[in-house]
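In this text, all values refer to a predicted model and were calculated from it rather than measured experimentally. Numbered from 1 within each chain, the chains take letters A, B, ... in sequence-line order.
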There are 2 protein chains.
Amino acid sequence: MVKQLPACPVELTIDLLGNKWKVLIIRDLMDGTKRFGELKKSMEGITQKVLTANLRDMEENCLLTRKVYAEVPPRVEYTLTDTGYSLRTVLDSMAEWGDSYKERVNA
Amino acid sequence: MVKQLPACPVELTIDLLGNKWKVLIIRDLMDGTKRFGELKKSMEGITQKVLTANLRDMEENCLLTRKVYAEVPPRVEYTLTDTGYSLRTVLDSMAEWGDSYKERVNA
DNA sequence: CCGTATCCCTTTCGATACTG
DNA sequence: CAGTATCGAAAGGGATACGG
């Protein structure tokens, strides 16, 4: 989690995006609301514990919302907030740079 | 360091950018070549060990170059490669998002 | 189904001391 | 000046088991 907001904007962003899991979660949710199990299945190699922890962080940072349905078996859905969606430009530039990087190293 | 390039572009980028220090180093070097001591001084709170480790990583990932001058006292200069410079768009979008985020949470 | 709790391992990091 | 070496603390993450 981010305890205290850093003054520097880029530092703030990297703190909130934090690790690869958060980035992948954001990108996944760009397609729309997903259940916990869907997220877990789509993210190769993540454990429940780590997925839960990251989702909690992001909820606290207002990047997504968590909705629990009072059903049996339980259903929990995660949805990006507007703030979360607004990360699209950042993710897009990151994806674009990643592609160009791969071209460079393969050349 | 990044052992093996991930297939996913955004994951690749977040792996190479990794932590807040690397982002801050890149941004610092956007202004031009800097010496080790200059970098250290401009980055509040970083230790020599951590700064060195991050610089080595980034050198290995071809984001910057390291030039050692055969002088006493020694002088070592770090310069972004073209690949490193090309991260500008990513950093810009991150800075922009960070600013808008601060407005949201203050509101 | 969607978690939490526990254990343990690995990595990371700060602090400090030392060197060419 | 620009590191490296060492140590010990802390954090992060995997595996597994259990719970509402």
Side-chain angles (χ1 to χ4, degrees), chain A residues 1-4 6 8 11 14-26 28-29 32-61 63-80, chain B residues 1-4 6 8 11 14-26 28-29 32-61 63-80:
Chain A
M1 246 299 294
V2 179
K3 290 87 179 155
Q4 204 170 350
C8 167
E11 191 179 334
I14 201 74
D15 275 3
L16 293 182
L17 240 41
N19 58 62
K20 80 166 182 178
W21 296 125
K22 288 184 182 166
V23 174
L24 295 180
I25 290 168
I26 301 268
D28 254 43
L29 291 180
T33 297
K34 286 201 177 180
R35 299 181 57 164
F36 183 86
E38 291 179 286
L39 281 171
K40 174 145 174 38
K41 191 165 49 178
S42 75
M43 312 194 43
E44 193 95 15
I46 198 169
T47 61
Q48 275 190 334
K49 176 183 153 187
V50 173
L51 178 54
T52 303
N54 278 291
L55 288 169
R56 291 289 185 282
D57 281 357
M58 295 164 74
E59 188 188 4
E60 197 162 350
N61 294 140
L63 299 184
L64 52 80
T65 59
R66 176 173 181 267
K67 180 157 192 198
V68 182
Y69 292 84
E71 301 173 2
V72 178
R75 178 161 57 111
V76 181
E77 290 184 347
Y78 294 91
T79 309
L80 286 186
Chain B
M1 246 299 296
V2 180
K3 291 86 177 154
Q4 203 168 349
C8 166
E11 191 180 334
I14 201 74
D15 274 4
L16 293 181
L17 238 44
N19 58 62
K20 80 167 182 176
W21 296 125
K22 287 184 183 166
V23 174
L24 295 180
I25 290 168
I26 299 267
D28 254 43
L29 292 180
T33 298
K34 284 202 178 181
R35 298 182 57 164
F36 182 86
E38 291 180 286
L39 282 171
K40 174 146 174 37
K41 189 164 50 177
S42 75
M43 312 192 43
E44 194 95 11
I46 197 170
T47 61
Q48 275 190 332
K49 178 180 151 187
V50 172
L51 178 54
T52 303
N54 278 291
L55 288 169
R56 291 288 186 282
D57 281 356
M58 296 164 74
E59 190 188 1
E60 197 163 349
N61 294 140
L63 299 184
L64 52 79
T65 59
R66 176 173 180 266
K67 180 158 190 195
V68 183
Y69 292 85
E71 300 174 3
V72 178
R75 178 161 57 110
V76 180
E77 290 184 349
Y78 292 92
T79 309
L80 286 185

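- For the atom pair CE of A:M58 and CG of A:L17, the computed distance is 7.5 Å after rounding to the nearest 0.5 Å.
- For the helix from C:dC1-D:dG20 to C:dG20-D:dC1, the axis fitted to the five pairs at one end and the axis fitted to the five pairs at the other end meet at an angle of 50° (nearest 10 degrees).
- Rounding to whole angstrom units, CG of residue B:L39 and C1' of D:dA2 are separated by 12 Å.
- Looking only at side-chain heavy atoms (C-beta outward), B:L55 and B:R66 stay at 4.5 Å or farther from each other.
- Among A:D28, A:D57, A:D15, the single residue meeting the salt bridge (charged side-chain N to carboxylate O under 4.0 Å, His left out) criterion with A:K22 is A:D57.
- With rounding to whole Å, B:L55 atom CG is found 10 Å from D:dT4 atom P.
- Separating the CG atom of A:N19 from the P atom of D:dA11 is a distance of 16 Å, rounded to the nearest angstrom.
- Using a 4.0 Å cut-off, some side-chain N or O of B:R56 falls inside it from OP1 or OP2 of D:dT4.
- Nucleic acid contact for B:Y69: none, since no nucleic acid atom lies under 4.0 Å from a heavy atom of the residue.
- Atom NZ of residue A:K34 and atom OG of residue A:S42 lie 4.5 Å apart, to the nearest 0.5 angstrom.
- Rounded to the nearest 0.5 Å, atoms CG (B:L16) and CD (B:E11) are 10.5 Å apart.
- The minimum heavy-atom distance linking A:P74 with A:R35 is given by the pair O-NH2, 3.6 Å.
- Taking OH of A:Y78 as the reference point, atom OG1 of A:T33 lies at 12.0 Å (rounded to 0.5 Å).
- As a whole-Å value, the separation of A:D15 CG from D:dA11 P is 15 Å.
- Contact annotation: B:R66 does not reach the phosphate of D:dA2 (side-chain N/O to OP1 or OP2, under 4.0 Å).
- The distance between atom NZ of A:K67 and atom C1' of C:dC2, rounded to the nearest whole Å, is 17 Å.
- Rounded to an integer number of Å, the gap from A:E77 CD to C:dG3 C1' is 16 Å.
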Nucleotide-resolved protein contact map, nucleotides 14-20 of chain C, B/S/- at heavy-atom distance under 4.0 Å: BB----B
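- Here the P atom of nucleotide D:dG14 and the CE atom of A:M43 are 11 Å apart, to the nearest Å.
- In this model, the phosphate group of C:dC2 is not approached by any side-chain N or O of A:Y78 to a distance below 4.0 Å at OP1 or OP2.
- Counting to the nearest Å, the C1' atom of D:dG14 and the NZ atom of A:K40 are 11 Å from each other.
- Side-chain N/O atoms of A:R35 include none lying less than 4.0 angstrom from OP1 or OP2 on C:dC1.
- Phosphate proximity of C:dC2 to A:R75: absent, as no side-chain N or O sits under 4.0 Å from OP1 or OP2.
- Distance CD1/A:I26 to CG/A:L63: 5.0 Å, rounded to 0.5 Å.
- Between A:E77 atom CD and A:L29 atom CG the span is 11.0 Å, to the nearest 0.5 Å.
- Residue A:E44 qualifies as open at atom CD: its count of foreign heavy atoms under 6.0 Å is 12 or below.
- Side-chain atoms of B:P73 lie closest to D:dC1 of the nucleotides C:dG3, D:dG3, D:dC1.
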